[in-house]
Amino acid sequence: MTKSSKSTNKTDQVWIDRLLASEGATSVLVVILGILSGTLIVALLGKNPSSLFKAIWQAFVGYYNKGKGAWSVGPLGDTLTYAIPYVLCGLSMGFANRVGLFNIGAEGQYTVGMLAAHAFAVCIPAFPGQWLFCMVVAVLAGAIWGGIVGILKAKFKISEVVATIMLNYIALYIYRLVALYLFPAGLTNRTYRTADLASTSILKGVFISESNLNIGFFFMILAVFVYWFIMEKTKLGFSFRATGFNKDAARCSGINDTQAISLSMAIAGAFAGLAGACVLLGSLKFGRIMQGQDNYGFMGIAVALVGNSKAPGIFLAGILFGALRSAYSLMQFMNIPREVVNIIEGLIVIFIALRAGLGKVQEYRAKQKIKKAREQEAAK
Amino acid sequence: MSEYAIEMLGITKTFPGIIANDNVNLVVKKNEVHAILGENGAGKSTLMSVLFGAYSPDSGKILINGKEVKITNPNVATDLGIGMVHQHFKLVHNYTVTENIVLGREPRNKFGILSLDEAEKKVQMLSEKYGLQVDPKAKIEDITVGQQQRVEILKTLYSDSDIIILDEPSAVLTPQEIDELMDIIRLLQKEGKTIVLITHKLKEIKAVANRCTILRRGKYIDCVDITPETSEQELATMMVGRPVKFDIEKKPCNPGEKLLEIKSISVNDSVGVEKVHDLSLDVCAGEIVGIAGVDGNGQTELLYALSGLSPVTKGQIIMNGKDITNMKIRERNEAGLGHIPEDRHKHGLVGGLSVAENTVLKDFYTLKYSGKLGVLMTDRIFANSDKLIEEFDIRSGQGSITPAGALSGGNQQKVIVAREISLSPNVLLVAQPTRGLDVGAIEYIRKRLVAERDKGRAILLVSFELDEIMNLCDRIAAISKGSIAGVFKAGEKTASEIGLMMAGEKSKEASK
C-alpha cells in the first residue's frame, strides 16, 4: 500500500543514499557482487572469466547451434523451467516471512506436493484433465504440510524452524516408503522408478520445444499474482502483514494472530506443493522414487531473500536463479567447473546477509551529513 | 587539584537522524549535588552514557578531577571513581545483596574459593555509614524496590566511587521512599561524595540540588544555582522553552451511569503468579478514574485482563451492562472498548505498517474499509488517516504513507490516541499515556482525554506519575499488591496520604 508520492523531500538526497534506501537496488547490487566474486574465482582457477558471462548470457538468449545450423533458445527454456519451482518455493518462503515466520519447510511441502501429484498420476487410470486434478491435490497436500507447522507454532509455540526441518525429512522418507511399497512398480530393470505416470497427467510443453518448459509456467505466474493480491490488497493480507511486523500489537488490536500464523503457513505450503507437481509432471515426467532432497525448497529461501519477500522481487530473483542453474550445464561446454554456479549462489546469499552492513554505511553517511551541516553553520 | 569533579566540554553525540547531544557542557564541582534537568529526549541519558563510557562522543573532551581522560568503557569509568545507578536496576534476583554487590570482583580466599564474609562486613559497614539500611544476606527478590535501589547505590560505594550518578532514581519509588532517597543523597554529600542527579522532577531538584544544568533538545541551555528563591516555574520554563501550565483546565465532573464494572477479578501474570487479587472498581460515563500505584503492583495485568490480552482467573467484567469477561479482543473492541496501551511499541503500533494502516488497525476488516470480498479500499483508508493527521496534528515526514516506526514518540502516541478516539469507544483504557513524551504532546493528549470525558466516555487511567493522576482524574483508586487500597474523590487526599496507600496501608473507608 504505497502511494507514488515518494519523491517529496528527497530531492536533496544523493543517488547513493537513494540506492542504499531502496531494497530493490541493494538486491541488484548483491547479485552483481556475487557474480563478480564468481568471476574472480574463475580467474583464480586460471580459466577465462568471459566464459562465465557468456554462459549466463546464453542462459537468457540461447546460442547458435552449429550442428543444426540454427539458433537454439533451449537454454532460455531451461532457465524458465527451473524458474518455476524456484519462484514457487520463493513464494512459499516469502509468504511465511511476511508474517514473521521462517519457513525452512518449503522442501518438505514441495515433497508432499510431489508425492500427492505422483499418487494421483500413477494410481488412477488416465482421464482428461488429470493433470489439473493432480496439481490441485499437490496444492492441498503442501497446504496441509505447511498448515501443521503453522498450528504447532500458533497453538503450542513450537519453533517453526525445528518443526519444518523435521517435517522435511519426514516428507522425504514417507515419499520413499509410499512410492516403493504402495505405488505400482515400474519395469524391474529400471531402478528407483515406479510405474509410468498417466499420459493425461503430464503438463503440456509450451513455447520452447527444446526444453521442458510447460504450462506450469503460467501457474507460476498466476501464483505470483495471487501472492501479491492476497498480501497487498486484501484484509487477510493486512492481518498477515500486521502480524508479521508486530504480533503483539496485532493481537492487542483484535487480529487473530493464531489464525494468521496457521493460515499463512498453509498458504506458504500450497505454493511449495504446486512446485512439486510442476517439477514431477512438467520436468521429470516419470515416476521417480526420490533419492534425496531436490533442494528447490532450500533455494527458495535464497530467492525470497534476494526478492525481499515481495511478489515482483521473488519473480525476478527466481528467473535469475533459474538462469544460473541453466548456465550450470552450459559452463561444462566452456570448460569451467560448473560448481562455480553453486559458489555464486552461495555468495549471493552471504552478500544478502551482509545487507545489515549497508545499514551501517547509511548510518555513517547520515552522520557525515550532520557534521557537514554543522561546519557550514560554523563557517557562517 | 581542580575544584571540579567532572568537566564535560563541548560534547557532541549523534545517532542516525538525531543529534542527541549538541555541544553540551557539564561542569560539576566537587562534593556538590548537581542536577541535570530536561524533558524526555533532551539528551540527559546520552550525556551520562558518554560519561560512563557506554558511548564515545563524536567530539568534545572530558576531564575528571582536572585531568583529561578517555572513557572507552564502563570499567574505565569505574576505575576513575564514577559509579552509576541506572533507572532500571541491574541486579540478579536470586542472588543476595552482597553477592550482587561483589559481582564481577568476587573476593577469594587463599585457596581461590569465593569468600563472602569480608564483603558482607564491608557492605554492613557501608550501609550503616550512609544510612542505607539493607540486610547484606537478603535475596534481591525478597526486598522492596526502594531497597533494591539502595543496593545499587551500595554497589557504587563498594567500588569506592567518589562520583555517583543517579539516573531518574525516583521513577520507581513511592512518595515516602522518595523522601528517604533525598535523605540518603544529603548524607552521601555530607560524607564527601559528588552526586549527579538526572531527573525531570522539579521538586527533587529544589529539595537537594546545589546547582542544576538544563538541557533542551540535546542543547545546553544554562547552569543555575539552586537557592530557596529559585522558582519551579522558572526551571520549567527553561526546560521546556516556554511558560508551562501545570494544571489542566477541566469542567466539574458529571458522572452518568456505570459503564465499566470490574467485579472482584483476579489475574495471573505470564508465569502464573497472581498479580491482581480480588479487585473491584467501577467507572461511570463522563468521569476519569485513575489508578495510582508504583509500577509492578498489578496495573499491567489488570489492563491485560480488561483489554482481553490475558484471561481472569476469577470474577467478572461488565461493560455497558454486557458481560465481556470471556470475550475475544475483537469482540470487546466492537462492544465499544478502547485501549491506549502501556507499551506503545509492543502493543500500540505496528511500526512496519504505514500511519494510514495503523489508524485502521482495529476496524480495517469492517465494511467501512473492506469490500464484501475482502479487498481493502485503500482510498477510504487514506482519506481516514489524512483526516486524523489533520485533526490530531500528527507530524510525519510523508503523511499517511510514512511507516509508523519512523515517527517521533509523541507522534506515535498521537496515532494511537487518534485511532482509539476515532472509534468512539464507550470505555477507554489508558495506560501511561504521556510517558516519554515532550511537554507539548503531553498537554495535547491530556486535553484530548478530558474532552473525551466531557463527551460522556468512561476513562480508566493508569499512570505511575502521581501528579498526572491527581491532575487528570475525578476519582482515584490507590492500588497496592494487586488490590485496591482505597477509592476517593480527587482532592480529598494529599500526595503523601495517597503514597501511604500505595505502600499498602488500607484506608479506613476501604476497610469498613
Side-chain angles (χ1 to χ4, degrees), chain A residues 1-10 17 20-21 97-100 157 229-260 309 359-375 377-378, chain B residues 12-19 22-23 58-59 304 307-309 328-334 337 339 341 343-354 356-358 360-366 369-371 373-378 381-382 397-401 403-405 416 419-420:
Chain A
M1 202 188 288
T2 45
K3 275 188 171 175
S4 56
S5 58
K6 274 197 171 167
S7 54
T8 47
N9 80 30
K10 284 214 169 174
D17 288 327
L20 290 173
N97 192 24
R98 290 288 289 277
V99 193
K157 299 200 164 53
F229 187 77
I230 292 181
M231 209 35 111
E232 317 289 347
K233 292 288 158 196
T234 65
K235 61 184 188 187
L236 189 65
F238 187 104
S239 59
F240 285 164
R241 283 182 292 135
T243 307
F245 281 123
N246 186 345
K247 197 169 80 173
D248 292 306
R251 198 158 87 85
C252 189
S253 60
I255 291 168
N256 186 341
D257 61 330
T258 314
Q259 188 198 327
S309 301
K360 287 275 169 213
V361 177
Q362 254 174 309
E363 215 171 274
Y364 174 78
R365 289 187 57 82
K367 226 169 235 185
Q368 291 294 313
K369 209 189 245 171
I370 294 171
K371 219 179 219 174
K372 225 186 222 169
R374 180 79 49 84
E375 277 160 16
E377 224 169 78
Chain B
T12 296
K13 173 72 191 170
T14 57
F15 295 105
I18 54 161
I19 307 169
D22 186 355
N23 205 7
D58 298 350
S59 63
Y304 278 11
S307 62
L309 281 167
K328 288 192 175 122
I329 296 174
R330 184 167 278 176
E331 291 165 346
R332 292 178 201 224
N333 293 344
E334 287 167 353
L337 181 72
H339 181 202
D343 187 336
R344 73 182 72 109
H345 296 116
K346 189 178 176 197
H347 289 126
L349 279 180
V350 180
L353 294 182
S354 67
E357 288 169 311
N358 272 289
V360 296
L361 204 57
K362 282 192 171 168
D363 57 349
F364 68 91
Y365 61 90
T366 59
Y369 299 116
S370 295
L373 295 171
V375 182
L376 293 172
M377 291 187 277
T378 316
I381 292 173
F382 275 104
Q398 295 150 274
S400 291
I401 60 162
I416 299 171
R419 176 180 71 217
E420 298 303 328

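Quick note: numbers below take in every heavy atom, side chains included, and nothing from hydrogens, waters or symmetry partners. Each chain gets a letter, A, B and so on, in the order its sequence line appears, and its residues count up from 1.
- Contacts of B:Lys362 with chain A are made by both backbone and side-chain atoms, with heavy-atom separations under 4.5 Å.
- Using a 4.5 Å cut-off between heavy atoms, B:Ser370 touches chain A through its side chain atoms alone.
- Looking only at heavy-atom pairs under 4.5 Å with chain A, the residue among B:Leu349, B:Leu309, B:Asn333 that has the most is B:Leu309.
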Worksheet item: Should B:Thr12 and B:Asp58 be marked as a side chain to side chain donor-acceptor pair (under 3.5 Å) after you check the CA-CA gap, both sets of side-chain angles, and the distance that decides it?
Response: CA-CA 6 Å; B:Thr12 296; B:Asp58 298 350; over 6 Å; no
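- Both the backbone and the side chain of A:Ser239 come within less than 4.5 Å of a heavy atom of chain B.
- Applying the ring pair (Phe, Tyr, Trp, His ring centres under 6.0 Å) test to B:Phe364 and every residue at least two apart in sequence or in another chain returns A:Phe238.
- Proximity to chain B involves both the backbone and the side chain of A:Ile255, based on heavy atoms less than 4.5 angstrom apart.
- Cation-pi geometry between A:Arg98 and A:Phe245 is not satisfied (NZ or CZ under 6.0 Å from the ring centre, within 45° of the ring normal).
- At a cut-off of 3.5 Å, with distance as the only test, a side-chain donor of A:Ser309 or A:Asn97 sits close to an acceptor on the other residue.
- Every ring pair (Phe, Tyr, Trp, His ring centres under 6.0 Å) that B:His347 has, sequence neighbours left out, goes to B:Tyr304.
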